[in-house]
Amino acid sequence: MENRVRVRFAPSPTGPLHLGGVRTALFNYLFTRKNNGTFILRIEDTDRRRFVPGAEEYIMESLEWCGMNVDEGIREGGGYGPYRQSERKDIYQKFIQDLLEKGKAYYAFDTPEELEEKRQEYASRGQTFMYNHTVRNGMINSLALTEEETRARIKKGDPYVVRFRVDPGEPVRVHDIIRGDLSFDPDTLDDKVLFKSDGLPTYHMANIVDDHLMEISHVIRGEEWLPSLPLHILLYRAFGWEPPVFAHLPLILKPDGKGKLSKRDGDRLGFPVFPLNWKTPEGEVYPGYREQGYFPEAFVNMLALLGWNPGTDQEIFSMDELIKQFSLERINKAGARFDPQKARWFNHQYLQMKTTREVAELFLPVLMEKGITADLSFVEKVVSQVRERVDFVKELWDETSFFFKAPEQYDEKVVKKRWKGDVPELMRELSEALAGTAPFDSPTLEENVKRWIEKRETGMGKVLNALRLLLVGASRGPHLFDIMEMIGKEETLKRIENGLKTLPE
Ligand code: GLU
């Protein structure tokens, strides 16, 4: 039973999980699997004002999409439940009582208005009000009031909170796997609220009690929780519990400039910051990696390298390889800059690793949406022509639409440049020559057309570019003779005829 690794991902359902949240989950997951531990999903929903319907489901779906299986959680159950903090309300009572009896916590009756007044008063002197050991005796709490007064207030039903009592003293020392030995001055801490007037514990209280009761061995979480660490350590001490091991992950930074990656950066620079689409209650949709066409493997691989590195040049890792190579010691302290270009690069790599058949199968539904039904073997041929050029399956359409349907319009710039002089006449003549070409395959076509151009004593570029314009509608696309073979003689001739009819002489 000793040294069991039990690790939790403990999101608050206050909205969709963003990139940083998924990375925290991932590092917890990798660490758990590497150490044959248990991966727990705990929902920290004691702040009912910030609860967002649908967020819980979103979190679970995101983990599932990324391939992180939860061992214990609100859906999976487990021996340490319930796993939703709002359902653990009764559990916290006795621990609050314990701290009150030990004199480590106290009742405070100050109303929100009184506290606001204090804040303003301090602010007007250019100071910040902190509810701590220097002011608590002048406030309305069980340390300042007599026992009778306190009891009378509680009996009367006066609203109260319970605050943690932090006294000045020795620095709080703690070791963090990523940050090393840390030391915090307790003087900088205030007497945090542990228990709110709504009868629910605050994050700090519930988090510590649950980590203890759920026998969490390692707490792996974002850097934004580092300032709470001394308070958490003091809470463990107050309870007389052994704290878990801590690892605070580096921030994920904006692609440009300073600071933490935010949703606004995504809007501004055109990339998703959420794993899945998220629809706000107002009906606004934030884009997700899944819906943008990212493979979950590519997304996970990209995330893993935001702050962690294997110590080698290797960049492509399957989940299993990540599990094998992962260690908390190889996580950087410094923030990890997010690079949307690199995210695309990862998807490109994963697309190239698939077989042509796999890519073709993924492309079929895209074609279906365009109203096109095609043989898998034909789609495979098409895909093999252009697959290296795309980062996403959905980009295949732009690269290949002309394999499936005749151009509906012609690129104006190309028309201006290529459709002039004797070109229409040349195309008419060439069309006749093509009608007699057999077999209609790429090498034969190439030979015949080139020979025809030489005989006709005209320019190679002139003819081939104009022909491409008629077949593709633009100047792009793979090898022209491959296109002709693939669309076939009948379609080739039809497109030439069409162009001759539509384009101005
Ligand atoms: N509920 C906290 C959050 O939303 C958990 C922080 C922690 O892991 O302790 O991130």
Side-chain angles (χ1 to χ4, degrees), residues 5-32 37-52 54-60 62-63 68 70 72-74 80 82-88 92 164 174 176-179 182 184 192-194 196 200-236 239 241 243-252 260-263 273-275 278 303 307 328 331:
V5 166
R6 288 179 55 83
V7 160
R8 86 307 195 270
F9 176 50
S12 300
T14 53
L17 204 56
H18 59 88
L19 276 184
V22 187
R23 190 201 52 176
T24 299
L26 178 64
F27 285 7
N28 273 286
Y29 180 77
L30 295 175
F31 180 74
T32 317
T38 306
F39 181 55
I40 298 154
L41 174 65
R42 184 172 74 220
I43 298 293
E44 302 210 322
D45 60 346
T46 57
D47 191 350
R48 300 311 290 171
R49 285 165 315 172
R50 294 183 60 214
F51 180 81
V52 173
E56 253 179 41
E57 292 73 16
Y58 182 94
I59 291 164
M60 291 188 284
S62 301
L63 297 185
M68 298 182 228
V70 172
E72 294 176 20
I74 54 173
Y80 297 76
Y83 292 88
R84 198 185 271 116
Q85 287 185 329
S86 57
E87 290 167 20
R88 299 171 65 80
Y92 306 114
F164 188 47
V174 49
D176 180 285
I177 297 193
I178 298 167
R179 281 146 215 283
L182 303 169
F184 300 88
K192 276 271 177 303
V193 173
L194 297 181
K196 296 171 289 174
L200 280 168
T202 56
Y203 153 73
H204 301 294
M205 174 73 190
N207 187 271
I208 269 45
V209 168
D210 286 349
D211 280 351
H212 174 72
L213 293 180
M214 294 182 181
E215 295 179 27
I216 299 303
S217 60
H218 296 72
V219 167
I220 304 164
R221 62 184 175 190
E223 179 175 314
E224 63 273 27
W225 299 104
L226 203 52
S228 302
L229 186 56
L231 167 67
H232 293 179
I233 295 294
L234 291 177
L235 271 167
Y236 280 106
F239 282 119
W241 297 334
V245 174
F246 288 96
H248 287 84
L249 307 176
L251 292 177
I252 299 181
K260 210 169 130 176
L261 178 72
S262 75
K263 192 185 93 46
V273 298
F274 299 113
W278 167 257
L303 278 186
L328 293 173
I331 295 175

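Numbers here simply count residues along the sequence, with the first being 1. Numbering of ligands and ligand atoms starts at 1, following listing order.
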Visitor: Would you mind listing which atoms of ligand 1 come within a distance below 4.0 Å of any non-hydrogen atom of R221?
Guide: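 Per the distance check, 7 (C), 8 (O), 9 (O).
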
Visitor: Touching ligand 1 at all, R8? Heavy atoms, strictly under 4.0 Å?
Guide: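 In this structure, R8 qualifies as a contact of ligand 1 - some heavy atom is under 4.0 Å.
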
Visitor: Taking it one step at a time, do F27 and H218 satisfy ring-ring contact (aromatic ring centres under 6.0 Å, His included)?
Guide: CA-CA 11 Å; F27 285 7; H218 296 72; over 10 Å; no

Visitor: Measure the spacing between CD1 of I220 and OH of Y29 and express it to the nearest 0.5 Å.
Guide: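 That separation rounds to 13.5 Å.
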
Visitor: With rounding to the nearest 0.5 angstrom, report the OG to CG distance, S62 to L19.
Guide: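 Going from OG on S62 over to CG on L19, the span is 10.5 Å.
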
Visitor: Among all protein heavy atoms, pick the one closest to atom 4 (O) of ligand 1 and tell me residue, atom and distance.
Guide: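 Looking only at protein heavy atoms, the one closest to atom 4 (O) of ligand 1 is S12 OG, 3.2 Å.
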
Visitor: Within a distance under 4.0 Å of any heavy atom of E44, pick out the atoms of ligand 1 and give their elements.
Guide: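 Counting from 1, the qualifying ligand atoms are 1 (N), 2 (C), 5 (C).
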
Visitor: Is any side-chain N of the basic residue among R84 and E56 closer than 4.0 Å to the acidic one's carboxylate O?
Guide: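 Salt bridge flag = yes for E56 with R84.
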
Visitor: Using a strict cut-off of less than 4.0 Å between a Lys/Arg side-chain nitrogen and an Asp/Glu carboxylate oxygen, indicate whether R8 and E72 qualify as a salt bridge.
Guide: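 Salt bridge flag = no for E72 with R8.
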
Visitor: Can you list the ligand 1 atoms lying under 4.0 Å from a non-hydrogen atom of N207?
Guide: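 Every atom of ligand 1 under 4.0 Å from some heavy atom of N207: 7 (C), 9 (O).
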
Visitor: Any heavy-atom pair between the side chains of R221 and N207 that's under 4.5 Å?
Guide: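 Yes, close enough: below the 4.5 Å cut-off.
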
Visitor: Just going by heavy-atom distances, which of F9, F246, W225 is nearest to atom 10 (O) of ligand 1?
Guide: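 Looking at heavy atoms only, W225 sits closest to atom 10 (O) of ligand 1.
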
Visitor: Polar-atom distance check: A10 versus ligand 1, any N or O pair below 3.5 Å?
Guide: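 Indeed, backbone or side chain, A10 has an N or O that close.
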
Visitor: Quick check: F246 with W225 (ring centres under 6.0 Å apart)?
Guide: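 Aromatic pair excluded; centres sit 6.0 Å or further apart.
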
Visitor: Of all the atoms in ligand 1, which lie at a distance below 4.0 Å from a heavy atom belonging to Y203?
Guide: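 Matching atoms, with element in brackets: 2 (C), 5 (C), 6 (C), 7 (C), 9 (O).
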
Visitor: How does T24 reach ligand 1, by side chain, by backbone, by both or by neither, if only non-hydrogen atoms under 4.0 Å count?
Guide: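 Answer for T24: neither.
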
